[in-house]
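The structure appears below as structure tokens.
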Amino acid sequence: MSSADIYREIILDYYRNPRNYGRLESPDVVVRDTNPLCGDEVEMHIKFEDGKVKDIRFNGKGCAISQASASMLTEMVMGKSLDEVKGLGKQDILETLGLPNLGPARIKCALLSLKVFKLGVYSYIAERMGESEAASIKDEASRLF
Amino acid sequence: MLSMLDVERIRADFPILGRRVRDGKRLIYFDNAATTQKPKQVIDAIYNYYMNYNANIHRAVHQLSEEATEAYEGARAKVARFIDARSDEVVFVRNATEAINLVAYAWGRANIRAGDTILVSEMEHHSNIVPWQMLAREKGARLQYIRIDYDGNGGNSMGDADGGHGGGGDAGSLVLDDLHHALSHESVKLVAISHMSNVLGTINPVEEIVEVCRDKGKGTMVLVDGAQSAPHMPIDVKDIGCDFFAFSAHKMLGPTGVGVLYAKRDILDSMHPFIGGGDMIREVHKYDASWNDLPWKFEAGTPNIADVIGFGAAIDYLSAIGMENIRAYEHQLTEYMLSRLRDVKGLRLYGSREAGGRGAVFSFNLADIHPHDLATILDEDGIAIRSGHHCAQPLMERLGVAATSRASLYIYNTREEIDRFIESLERARLIFRVG
């Protein structure tokens, strides 16, 4: 995958003009993670209501891929039910980014936001429905990379 | 180019430089501050040991062991000559990090007390910060920083309309007032400072620092982290006058897994061992033991024999070229690189724009392109650079950036490679549609 393919207009647009960037006043969960190898950083604020993602914001710093991916993810999950977002996988993110074949050196950049989001869903469910209900989500998050 | 060394002949000694990467691109290796490539003389020396005289050293009486011991101790003698030390002042460890940890554990634990100050600088690598944080916490000592004079106001940004000239020539040097102040007001037991920054390229005035510590300190010891300097310039530990000097083989054409701690003989004598075990003892009884002579007192267990021998070959290689010649050649490369970087629009260099007083390490950011994205684009052109925090997060904080891109050069790099690197930066500007 050449960098002309990676850095298409849409990725650069989300990098420079991120949607849903910022913080929420009273989120149900705030979750943050970093990629220690390169220092990418993503924090998400999520508000749930009636079993749905009511509102979500992200902030952080990092490369175009990590930040565009976080921004696109917030759009993907906004208004979706917990069941729907629990099913989100690696490939969903990579395809939305238009980077289905991203190489090993950069795939973590693309998946950091999904990991953070899953950890957010995990902590929301664990708090309300117990650890056993949520354990598999945490597992999935840790297996992303 | 006027040159004091024959770069083409040098390049021919490095098989890897003939490699093609990323669909047939000629490799341009600009990640030498992380690790350097190895000439075939080094690879052959390691191969030859395993093929022809592999044996454990020091105690056996058979011929192979004799040969291996001679080669291993021969490498120590070469290293000692290389830095103007005595052989018994050269301790082999795994890397510069381990050398610094050896000092922190074996010297620091016995000598640092509650209320003492350990002084480092804002430009240190994590390897010269974290061991002191651990020691300071354990002992209730204070860890303090000598600041750098970076102003963060574009004094060293390049390529802007008005950024090319004036000011910023010394950006990224140490504020030595902080050293004077600490020595006058506190019980500074140790100053641990890098000789050359792995991010800014700044060469610090370690001779002056040692002199100030001798004048104003009360028995203040000085450790010099030479991981980035020993590969690139002549080192004379007697001239520097430091108490400890640490460096790594793999950053100077040698193999990974070998580092050196130099320390003055009387200091090593006074120190307890760091790691206990075989080879570091004179006698062992059931409940106590006595220590071997220097430097073996600090080399417990079977050492990295093959790679120490390989390091010996690397020292031979560097010595044959001459460290003065290497420094002079890299100075030329640095001048050329700085002149080319000046023309790249939107490029911000972290460190001095003057070739004197710095090495061929260039940290920068280009417009709003994140270093990882930039490194991906350059990699596509066959150019290996590094992006990230370079194990110097406190420095990144000081510079106010999350990460930088870093190109670091060595004796086998050329002006033509710099040209291709600059072209690739321009390509990155296009891909990112930077105006």
Side-chain angles (χ1 to χ4, degrees), chain A residues 1-19 21 32-43 58-72 93-94 97-116 145, chain B residues 21-25 31 34 125-126 130 199 346 350 363 365-406 421 423-435:
Chain A
M1 180 157 252
S2 83
S3 43
D5 297 330
I6 294 175
Y7 302 108
R8 288 165 302 114
E9 191 69 59
I10 185 163
I11 301 260
L12 296 183
D13 184 39
Y14 272 85
Y15 174 52
R16 292 192 170 125
N17 311 297
R19 282 62 142 177
Y21 191 87
R32 177 182 172 276
D33 202 7
T34 59
N35 179 349
L37 291 179
C38 57
D40 287 347
E41 191 182 309
V42 169
E43 180 179 275
F58 87 98
N59 65 81
K61 51 191 177 188
C63 64
I65 298 174
S66 74
Q67 302 303 299
S69 134
S71 183
M72 287 179 177
I93 299 293
L94 295 177
L97 282 165
L99 304 171
N101 304 311
L102 203 58
R106 302 305 303 275
I107 197 160
K108 291 173 190 170
C109 307
L111 297 179
L112 176 63
S113 57
L114 181 61
K115 185 179 177 191
V116 170
F145 58 84
Chain B
V21 293
R22 301 288 179 214
D23 301 326
K25 307 281 186 349
D31 195 15
H125 188 281
H126 294 166
V130 180
V199 174
Y350 303 97
S363 285
N365 273 311
L366 184 52
D368 69 342
I369 308 176
H370 191 278
H372 294 117
D373 296 317
L374 188 72
T376 295
I377 295 170
L378 264 61
D379 174 55
E380 200 172 54
D381 291 334
I383 303 169
I385 64 157
R386 188 146 288 244
S387 54
H389 53 58
H390 317 294
C391 293
Q393 284 181 322
L395 176 58
M396 294 292 118
E397 264 172 41
R398 177 72 176 83
L399 298 175
V401 295
T404 71
S405 298
R406 181 186 72 186
F421 165 73
E423 279 168 32
S424 195
L425 292 181
E426 294 296 347
R427 197 173 77 87
R429 285 170 44 83
L430 285 178
I431 287 173
F432 260 74
R433 298 160 184 84
V434 179

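By convention in this document, chain letters (A, B, ...) are assigned in the order of the sequence lines, proteins followed by strands, and residues within each chain are numbered from 1. As the structure is a prediction and not an experimental result, all values here were calculated from the model.
With a 4.5 Å cut-off on side-chain heavy atoms, B:Glu426 and B:Glu423 do not count as touching. You'll find the side chain of A:Glu41 reaches within 4.5 Å of the side chain of A:Lys61, heavy atoms only. A:Val116 is not listed as a side-chain neighbour of A:Phe58, based on a closest heavy-atom distance of 4.5 Å or more. A:Pro18 has its side chain out of reach of A:Gln67: every pair of non-hydrogen atoms, C-beta onward, lies at least 4.5 Å apart. Looking at B:Leu425 and B:Ile377, their side chains never come closer than 4.5 Å, going by heavy atoms from C-beta outward.
Smallest separation of non-hydrogen atoms from A:Cys63 and A:Asp40: N-OD1, 3.4 Å.
Look at B:Arg406 and B:Asp31 and you find a salt bridge, because one of the NZ, NE, NH1 or NH2 atoms lies within 4.0 Å of a carboxylate O, short of that distance. Remark: A:Arg19 engages A:Asp13 in a salt bridge, criterion side-chain N to carboxylate O under 4.0 Å.
For residues 101-113 of chain A, a heavy-atom distance under 4.5 Å to chain B picks out A:Arg106, given by residue number. Contacts from residues 365-376 of chain B to chain A, taken as heavy-atom pairs separated by less than 4.5 Å, involve B:Asp368, B:Ile369, B:His370, B:His372, B:Asp373, B:Thr376 in sequence order.
Aromatic ring orientation, A:Tyr7 versus B:Phe432: tilted (interplanar angle from 30° to 60°).
A:Ile65 touches chain B through backbone and side chain together, each having a heavy atom under 4.5 Å away. With a threshold of 4.5 angstrom between heavy atoms, A:Ser66 does not approach chain B through any atom at all. Only the side chain of B:Arg427 comes within less than 4.5 Å of a heavy atom of chain A; its backbone N, CA, C and O stay farther away.
Looking at B:Ser363, its side chain never comes within 3.5 Å of a backbone N or O of B:Tyr350 through a donor-acceptor pair.
Atom CG of B:Leu378 is separated from atom CZ of B:Arg386 by 14.0 Å, given to the nearest 0.5 angstrom.
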